Amino acid sequence: QVQLVESGGGLVQAGGSLRLSCAASGRTFANYRVGWFRQAPGKEREFVGAVSWSASSTYYADSVKGRFTISRDNAKNTVYLQMSSLKPEDTAVYYCAAGGGSVRATIPASYDYWGQGTQVTVSS
């Protein structure tokens, strides 16, 4: 069993940066890939990116490639989403999720555990 808690969301101006954290409890966390998703009002949950259990592989959605970076520190049971050059269209609730399998599996159903989400709002 893995419990996930996101933090670091907030209000930022367009062009700014923000770093989200996903803190996990559960001793098997290091065995899982971790993904970030986001959901804007009235829209489906969207894949943002993922990192493998060893941090050797990452995969990003085209919409954030080059702007967002995912890293993890298994010693701290924490995964990070560094967001730069933020745009108003990045506004959403951001979720982290953990599961087995490839970082290229982008559908939400491929993840087993989810956090409660953290709001990110980018003003123009």
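Keep in mind that this is a model prediction, so the values were computed, not measured.
- Within the 4.5 Å cutoff, the side chain of Tyr80 has no heavy atoms near those of the Thr69 side chain.
- Phe47 and Phe68 sit in two unconnected hydrophobic clusters of ILVMFWY residues. Membership requires side-chain heavy atoms under 4.5 Å apart, directly or through other members.
- Tyr32 and Trp114 are assigned to two separate hydrophobic clusters, defined by single-linkage of ILVMFWY side chains at heavy-atom distances under 4.5 Å.
- Atoms NZ and OG1, on Lys65 and Thr58 in that order, are 9.5 Å from each other to the nearest 0.5 Å.
- Heavy-atom minimum distance, Tyr111 versus Ala50: OH-CB, 3.5 Å.
- Listed by first then second residue, pairs satisfying disulfide (SG to SG under 2.5 Å) with a partner in residues 43-95 number zero, not counting sequence neighbours.
- Residue pairs meeting the disulfide (SG to SG under 2.5 Å) criterion with at least one partner in residues 69-124, sequence neighbours excluded, are Cys22-Cys96.
- In this structure a side-chain-to-backbone donor-acceptor pair under 3.5 Å is missing from Thr78 to Ala23.
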Counting only pairs under 3.5 Å, give me each side-chain donor-acceptor contact of residues 8-21, with atom names and distances, residues two or more places apart or in other chains.
none

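- Evaluation of the side chain to side chain donor-acceptor pair (under 3.5 Å) test over residues 95-108, restricted to residues two or more places apart or in two chains, returns none.
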For this session: Would you please test Trp36 and Val51 for side-chain contact (heavy atoms from CB on, under 4.5 Å) and show each step?
Result: CA-CA 9 Å; Trp36 286 93; Val51 61; over 6 Å; no
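- A donor-acceptor contact shorter than 3.5 Å is absent between the side chain of Asn74 and the backbone of Phe29.
- Here the closest heavy-atom approach between residue Val2 and residue Tyr113 is recorded as O-CD2, 3.5 Å.
- If you take OG on Ser57 and CD1 on Ile70, they are separated by 12.0 Å, rounding to the nearest 0.5 Å.
- The closest side-chain heavy-atom distance from Arg33 to Ser110 is below 4.5 Å.
- When Val103, Leu4, Val79 are each tested for a side chain to side chain contact (heavy atoms under 4.5 Å, CB included) with Val34, only one passes: Val79.
- Sorted by first and then second residue, the disulfide (SG to SG under 2.5 Å) pairs involving residues 36-71 (not counting sequence neighbours) form an empty list.
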Exercise answer: donor-acceptor pairs, residues 37-44 side-chain atoms, under 3.5 Å, sequence neighbours excluded:
{"residue": "Arg38", "atom": "NE", "partner": "Glu46", "partner atom": "OE1", "Å": "2.8"}
{"residue": "Arg38", "atom": "NH1", "partner": "Asp90", "partner atom": "OD1", "Å": "2.8"}
{"residue": "Arg38", "atom": "NH1", "partner": "Tyr94", "partner atom": "OH", "Å": "3.0"}
{"residue": "Gln39", "atom": "OE1", "partner": "Arg45", "partner atom": "NE", "Å": "3.3"}
{"residue": "Gln39", "atom": "OE1", "partner": "Arg45", "partner atom": "NH2", "Å": "3.3"}
{"residue": "Gln39", "atom": "NE2", "partner": "Lys43", "partner atom": "O", "Å": "3.1"}

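- The main-chain N or O of Ser85 is found under 3.5 Å from a side-chain atom of Arg67 such that the two form a donor-acceptor pair.
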